[in-house]
Amino acid sequence: SFCSGGMILFNKLAMHHMPYPSLVSVIQFLTCTIAIQCLGLFNAIELDPLQWHKVKPYLVYNAAFVISIYANMKALEGSNVD
């Protein structure tokens, strides 16, 4: 609950300075992707290469996830965080 509340406050603060919810989400996803790629580059974690036949079944799930994250950020944009 502490992490979830912290992310809500961080996102609300980020959107106060940058009023584009989709851009805030893209920056967060890019940061995570870069961090994972760096960990893989330095052999801190083992990464499997992306293969289309493994990615294809998850495209609908990923699209639904992106839509839900966007909807959540839009809701956060209009809400009050007290």
Side-chain angles (χ1 to χ4, degrees):
S1 127
F2 176 74
C3 291
S4 177
M7 280 303 290
I8 289 172
L9 290 175
F10 172 77
N11 286 338
K12 187 67 174 178
L13 181 64
M15 285 193 302
H16 176 72
H17 295 288
M18 186 183 342
Y20 302 108
S22 55
L23 183 60
V24 172
S25 295
V26 166
I27 290 170
Q28 290 174 349
F29 292 142
L30 283 175
T31 302
C32 291
T33 301
I34 290 169
I36 289 169
Q37 291 298 321
C38 286
L39 288 171
L41 184 66
F42 295 116
N43 294 323
I45 60 173
E46 183 180 339
L47 292 177
D48 294 332
L50 290 177
Q51 298 172 354
W52 178 247
H53 71 278
K54 292 181 180 178
V55 172
K56 188 177 175 184
Y58 294 98
L59 289 178
V60 173
Y61 167 76
N62 286 333
F65 177 74
V66 167
I67 291 167
S68 70
I69 293 295
Y70 180 75
N72 286 334
M73 294 297 277
K74 289 298 283 184
L76 183 61
E77 182 181 37
S79 67
N80 225 355
V81 178
D82 292 328

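Remember, predicted model here, so these are calculated numbers, not experimental data.
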Value rounded to 0.5 Å, distance of [atom1] in [X] from [atom2] in [Y]:
X: L41; Y: I34; atom1: CG; atom2: CD1; result: 12.5 Å
X: F65; Y: N62; atom1: CZ; atom2: CG; result: 8.5 Å
X: L59; Y: W52; atom1: CG; atom2: CH2; result: 4.5 Å
X: K12; Y: I8; atom1: NZ; atom2: CD1; result: 11.0 Å
X: K74; Y: S25; atom1: NZ; atom2: OG; result: 11.0 Å
X: M7; Y: N72; atom1: CE; atom2: CG; result: 11.5 Å

Can you get from [X] to [Y] by hopping between Ile, Leu, Val, Met, Phe, Trp and Tyr side chains that sit under 4.5 Å apart?
X: L39; Y: L47; value: yes
X: Y20; Y: I27; value: yes
X: I69; Y: L13; value: no

**OP:** Heavy atoms only: give me the nearest I36-I45 pair and the separation to one decimal.
**Re:**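 Minimum heavy-atom separation between I36 and I45: O-CD1, 3.8 Å.
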**OP:** Identify the two heavy atoms, one from M18 and one from V24, that lie closest to each other, and give their separation to 0.1 Å.
**Re:**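 Minimum heavy-atom contact is O-CG2, 3.9 Å.
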Original post:
Hey, is CG on L50 packed in by over 12 heavy atoms from elsewhere, all under 6.0 Å?
Top reply: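 No, because the 6.0 Å sphere around CG of L50 holds 12 heavy atoms or fewer from other groups.
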Original post:
Heavy-atom count around E46 CD within 6.0 Å, excluding the residue itself: above 12?
Top reply: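 12 or below, so no.
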**OP:** Under the side-chain contact (heavy atoms from CB on, under 4.5 Å) rule, what do F10 and Q28 come out as? Steps first, then yes or no, please.
**Re:** CA-CA 11 Å; F10 172 77; Q28 290 174 349; 3.6 Å; yes
